[in-house]
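In what follows, a structure is listed as structure tokens, so that the remarks can point back to it.
Proteins get letters first, then strands, A, B, ... in listed order; numbering begins at 1 in each. Fair warning: this is a prediction, and the values are worked out from it, not measured in the lab.
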Amino acid sequence: MKTALLRFLVRWYQASDQNLPPWLDRACQRTPSLAATLQEEALLSSRLRAHPRQADIAPSPFLKSKVLHTLTREAVDRDETAPAARWTMPSAAVAGALALVLLLAAVWLSREPAGSGVSDRPALAAVTPHPTPLPAPVSVAQQIPQNWANPLDAEMASVVADADRAVRFLASAFLPSESVERRLRRPTSG
Amino acid sequence: MAETAAMTHARTDASESAVLPPDGVVDTARFAALVEEHQHKLCNFIHRYTRNRQDAEDLTQDTFVKAFRHFHRYDPRHTFSAWLYTIARRTVYNHHRDRKPTDELSFEVAASGPSPGDVADRSDRASALWEEVRRLKSPYQEVLILKYVDGLSIEEIARVLDRSQTGVKILLFRARGLLRNRPTFSRS
């Protein structure tokens, strides 16, 4: 079984045109049947390599000139078509670009203005003076005079006085005089 | 980079390295030298498929024109002849498909008949063995011819036949097994 496997490997390596690995080479030296297989394969390879001259055909002596003629003709055709392509491609590109520019211009000119405020904005910006810079921040406390009275305090005092007068009027009109005096005095004394 | 250059010189034949442009750009004059060098082998390679001399010459011409057009695709790590064979095989198959799409294209060894010199060598065991090769199926013939007549490596054969390297090795293994079992293969 092992010899059969090794024989298969010998034939595989010979068919693959590879040298036998050392371990297989040693096995061939040890085993006569493997050595015979190796010889048989080497003989087959040598006979295949010693192939008889094939009944070959000699190509026409004009084959080379025909090939070169074809190549030259192709080169000439390429050169002849090249100038046309050289002019056609840029012309098409320029025409396309011009058409695109005209289309964009037509679209831009035909569109409705988005709004007067938007459209006037540049004009307004042109006539609006530049804003004056803000004065440098100054401490408010430094500008208040010493005898300054808060007008809100005076206003509150007058409101309170009016309310007091209204209460006294209502009390004198609808309550007995003693109780009025007493009730009106109680909060102030308390 | 240096390794690539070394591989290039290792893989290409001495004659090819003298003709092939080192810069990968080929002009008509340089290509004319390549045509001169490879036309015979290429024409015979194609003739094995077409078995018609005129077709073989026409397809050889087509192959060279295609090679010139697509020379920038040539990988200098491989031999120029293997690259030509790859183009030629595809050209032959396309040509055959356009003309006879239902027929299967076969590959034949020495189908145009043996030369007088070959007749004299018939007693030779190698000749007898190659007669057996002619009786094998087309893929076996193809791979044996490319390996032992054209001298391509397994990798190059794989590229020409558009197969994996393992697939090529299997084809070679089976073809050799078939030949080994033929009575004409005598061990003595």
Side-chain angles (χ1 to χ4, degrees), chain A residues 4-21 24 28 32-79 81-82, chain B residues 28-29 31-32 35-36 39-44 47-48 53-54 56-58 60-65 68-69 109-115 117-118 121-122 124-130 133 144-145 147-149 151 153-154 165-166 168-177 179-180 185 187:
Chain A
L5 179 63
L6 293 177
R7 186 177 292 115
F8 175 87
L9 288 175
V10 167
R11 287 173 174 162
W12 174 261
Y13 278 107
Q14 288 286 302
S16 306
D17 219 8
Q18 291 176 300
N19 293 325
L20 299 183
L24 189 56
C28 288
S33 63
L34 287 179
T37 301
L38 184 60
Q39 279 186 352
E40 183 186 69
E41 291 299 310
L43 181 67
L44 181 58
S45 295
S46 67
R47 286 187 184 172
L48 284 169
R49 287 197 176 90
H51 56 87
R53 183 174 172 78
Q54 297 289 310
D56 59 3
I57 59 165
S60 162
F62 305 110
L63 177 62
K64 179 182 160 188
S65 57
K66 282 199 286 187
V67 170
L68 296 179
H69 175 71
T70 306
L71 295 179
T72 309
R73 195 182 60 212
E74 281 192 353
V76 169
D77 291 346
R78 203 164 44 240
D79 290 343
T81 55
Chain B
T28 312
F31 197 74
V35 173
E36 180 74 34
Q39 61 177 349
H40 191 270
K41 279 176 68 176
L42 186 63
C43 192
N44 277 281
H47 187 260
R48 290 176 205 143
R53 185 192 177 101
Q54 189 56 50
E57 287 201 4
D58 291 345
T60 302
Q61 182 180 341
D62 290 349
T63 301
F64 276 123
V65 170
F68 184 80
R69 281 184 200 149
V109 180
S112 59
S115 64
D118 291 331
D121 289 338
R122 276 199 184 280
D124 187 38
R125 285 170 178 154
S127 299
L129 188 63
W130 276 98
V133 170
L144 287 172
I145 284 279
K147 176 79 183 112
Y148 296 107
V149 177
S153 66
I154 301 282
Q165 292 189 41
T166 306
V168 171
K169 288 177 185 177
I170 290 171
L171 275 178
L172 279 170
F173 181 82
R174 289 178 180 167
R176 286 168 62 101
L179 290 175
R180 197 187 309 114
F185 177 62
R187 290 162 183 78

| task | Side chain from CB out, backbone as N, CA, C, O: work out which of these in Leu42(B) comes under 4.5 Å of a heavy atom of chain A, or both, or neither. | result | neither

| task | Mark yes or no for whether Arg49(A), through its side chain, and Lys147(B), through its backbone, hold a donor-acceptor pair below 3.5 Å. | result | no

| said: I'd like to know which of Asp62(B), Leu179(B), Leu129(B) tops the heavy-atom pair count under 4.5 Å against chain A. | reply: Leu129(B)

| field | Shortest non-hydrogen contact between Leu63(A) and Glu57(B), atoms and distance | value | CD1-O, 3.6 Å

| Most heavy-atom pairs under 4.5 angstrom with chain B, which of Ser45(A), Ser46(A), Pro59(A), Ser16(A)? | Pro59(A)

| message | Test of understanding: with ring-ring contact (aromatic ring centres under 6.0 Å, His included), list the residues that count as partners of Phe8(A), not counting sequence neighbours. | response | Phe173(B)

| What's the spacing between Arg176(B) CZ and Arg11(A) CZ if we round to 0.5 Å? | 10.0 Å

| request: Grab the two heavy atoms, one from Ala32(B) and one from Leu68(A), that are nearest each other, plus how far apart they are. | output: CB-CD1, 3.6 Å

| message | For the CZ atom of Phe64(B) and the CG atom of Leu71(A), what is their distance to the nearest 0.5 Å? | response | 10.5 Å

| message | Report which part of Val35(B) has an atom under 4.5 Å of a heavy atom belonging to chain A: side chain, backbone, both, or neither. | response | side chain

| chain A interface, residue from Leu171(B), Thr60(B), Ile170(B) that has the most non-hydrogen pairs under 4.5 Å | Ile170(B)

| said: Does any backbone or side-chain atom of Ser65(A) lie under 4.5 Å from a heavy atom of chain B? Answer side chain, backbone, both or neither. | reply: neither

| said: Quick check: do Leu172(B) and Trp12(A) have side-chain heavy atoms less than 4.5 Å from each other? | reply: no

| task | Sequence neighbours left out, what passes ring-ring contact (aromatic ring centres under 6.0 Å, His included) with Tyr148(B)? Give chain and number order. | result | none

| request: Measure distances from Gln14(A) to the heavy atoms of chain B and classify the residue's part below 4.5 Å as side chain, backbone, both or neither. | output: both

| Under 4.5 Å from a heavy atom of chain A, the part of Arg174(B) involved | neither

| Quick one: of Ile154(B), Asp58(B), Val65(B), who has the most non-hydrogen atom pairs under 4.5 Å with chain A? | Val65(B)

| said: Less than 4.5 Å to any heavy atom of chain B: does that hold for the side chain of Thr70(A), its backbone, both, or neither? | reply: side chain

